[in-house]
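For reference, the structure is listed below as structure tokens.
Indexing begins at 1, ligand by ligand and atom by atom, following the structure's order.
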Amino acid sequence: MVTLNSDFQKITKQYLFPLIDEKKAELLGREPDAQLINMGIGDISLPLAPSVVQGLENAAREMGERPFGYGPAEGYAFLRERIVEVEYGAYGIGAEEVFVSEGINSDLCAIEELFDRDQHVAVLDPTYPVYGDISVMAGRHNITKIPCIEEHGFLPQVPKGEKFDLIYLCSPNNPTGVAMTYDNLREWVEFARVNQSVIFFDAAYAGFITSKDVPKSIYEIEGAEEVAIEFRSFSKSAGFTGLRLGYCVVPKKISKSLYDIWVLRQNTKTNGTSYPVQRAGLSALSEQGQKECAEQVRSYQRQGEVIKKSLEELGFTCLGGKDSPYIWWKIPSGNSWDFFDKLLNELKIVAIPGVGFGECGEGFIRLSSFVTEATVEKFKEVICKLK
Ligand code: PLP
């Protein structure tokens, strides 16, 4: 008889986004002409940059001219080498330590497999819900939440008297938009070194960082290459959510056996990422491609600045926005689901209730700057009617 993996059935909470979709559908059922102002979206709203399109076209043409079979499971050398040149040259990371994939989510699930089920896992609260969910789906039972609270500017504080084996850090954090400073991250690297933990550092939004006191890579911190695996994506910084491309850095210095089983895992369980998408990634990292993608990020940042300013002018407190596409809005009263309902039903604004990312997100709302100028204009028009 077939039996299903019972670990998957342990995810009992209703997933955030379907619940929001249900509420939107209910509203549109009552008011079919309602024009929703979607500020909840965590997906890009601009088309691919011209260099990226060119890279895809060239690769498609090449593939029509000669046979192209399987590529290397770890990714083509041309892309791994360029990633090192652009992102990691200064930190002693080698191209053989960079592994190309279809994106961070797949990489997180893959890396997760390398570690024993009984490992003690730490995840931030609030944070990207995937870390906790994939841990539960993998049968992990020892999961501790690290609160990120207003009192500490939503930065995760290193716990005293506790040890973890695997630590998920996300910087800039989704949903708070708050990025870890050099000092904060140094403490975590030190903690991991003392306790012999491994840090999974999700830097999906590294391309948005502008603050001088915020590292883009964990390897900017001395000794991090002995304890940290970094995850990066082309999704948000180059608009690849629909193309799918990312990579992780698995330094040999963490341990030779960890590196070796990762290579074994990748060679056994994947057949690599498609050639045209890797070529498009290379184009995004060309001089011209970097300029075009940076301009797109800048444009999202401009929307974020306007959203934040319009809320602050109304007397609200907001965090994030600066180094990330998310604005973390402190609600004046009540809980974040009630406030979500109020925004949706009274102003037709779709936002994300902070509590959907963890209990410590209660009292806040996440707004996204992945929106068009027209959406921001509508938001500005209606937000002043908030009572
Ligand atoms: N990590 C974080 C923090 C995210 O917010 C997201 C997407 O929203 C991802 C990873 C997913 O990245 P990818 O598209 O590379 O799978």
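For Asp338, the salt bridge (Lys or Arg N to Asp or Glu O under 4.0 Å) criterion is met by no residue, not counting sequence neighbours. With sequence neighbours left out, Leu311 forms a side chain to side chain contact (heavy atoms under 4.5 Å, CB included) with Ile307, Phe316, Cys318, Trp329, Leu367, Phe379, Ile383. Residues passing the ring pair (Phe, Tyr, Trp, His ring centres under 6.0 Å) test with Tyr259, sequence neighbours excluded: Phe99.
Side-chain polar atoms of Gln54 and Ser283 form no donor-acceptor pair below 3.5 angstrom. One side chain, Tyr182 or Glu220, offers a donor N or O that lies under 3.5 Å from an acceptor on the other.
Using a 4.0 Å heavy-atom criterion, the residues that approach ligand 1 are Gly103, Ile104, Asn105, Tyr128, Tyr131, Cys170, Asn174, Asp202, Ala204, Tyr205, Ser233, Ser235, Lys236, Arg244.
Between Phe339 and Pro353 there is no side-chain heavy-atom pair separated by less than 4.5 Å.
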